[in-house]
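Side chains included, hydrogens not; waters and symmetry mates left out as well; all remaining heavy atoms used. Residue indices begin at 1 and follow the sequence shown.
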Amino acid sequence: MPTQVTNTIRRLRFDADEMTQADLAARVGVTRQTIIAIEAGKYSLSLELAFRIARAFGRPLEDVFTYHD
């Protein structure tokens, strides 16, 4: 079954002066491979990590992640 959570991380990275996956990973304390998997919807991240990612962009959680029923 496909993931029910989508994200706008790739767009937000581009809008943040083309932040790299490695830059974001370093800011939130994970590997670049984890960021790749999250962007692709292949990684079920913790709520704590979701908040850290949103804060790295200075955005509310809902601007970064969307849950689809």
Side-chain angles (χ1 to χ4, degrees):
M1 177 154 77
T3 184
Q4 294 180 325
V5 176
T6 58
N7 68 75
T8 58
I9 295 172
R10 187 172 185 173
R11 166 55 52 191
L12 290 167
R13 283 193 306 100
F14 181 81
D15 291 346
D17 293 326
E18 299 185 18
M19 178 191 301
T20 67
Q21 291 166 328
D23 291 338
L24 177 58
R27 287 183 186 202
V28 300
V30 298
T31 66
R32 183 179 65 86
Q33 289 79 10
T34 299
I35 298 299
I36 291 168
I38 293 169
E39 285 185 4
K42 298 179 187 287
Y43 183 90
S44 183
L45 68 163
S46 69
L47 188 55
E48 178 185 351
L49 179 53
F51 274 106
R52 288 196 321 248
I53 291 170
R55 286 186 179 151
F57 293 114
R59 295 295 198 61
L61 195 63
E62 299 82 20
D63 283 1
V64 183
F65 298 96
T66 305
Y67 178 77
H68 303 278
D69 297 7

Show me the donor-acceptor pairs, under 3.5 Å and distance only, between side chains in residues 52-64 and residues at least two apart or in other chains.
residue, atom, partner, partner atom, Å
Arg52, NE, Val28, O, 2.9
Arg52, NH1, Glu48, OE2, 2.9
Arg52, NH2, Val28, O, 2.9

task: Quick one: closest heavy-atom pair of Arg32 and Ala25, and the distance?
output: N-CB, 3.6 Å

- request: Check each of Leu45, Leu24, Thr20 against Ile35 using the side chain to side chain contact (heavy atoms under 4.5 Å, CB included) test, and report the only one that passes.
  value: Leu24

query: Between Leu47 and Phe65, is any pair of side-chain heavy atoms under 4.5 Å apart?
result: no

field: Test side chain to side chain donor-acceptor pair (under 3.5 Å) applied to Glu39 and Arg10, Gln21, Arg11, the passing residue
entry: Gln21

- prompt: Linking I/L/V/M/F/W/Y whenever their side-chain heavy atoms sit closer than 4.5 Å, directly or via other members, would Val5 and Ile9 fall into one cluster?
  reply: yes

message: With side-chain contact (heavy atoms from CB on, under 4.5 Å) as the criterion, how do Ile38 and Val30 come out once you've worked through the C-alpha distance, each side chain's angles and the decisive distance to 0.1 Å?
response: CA-CA 11 Å; Ile38 293 169; Val30 298; 5.6 Å; no

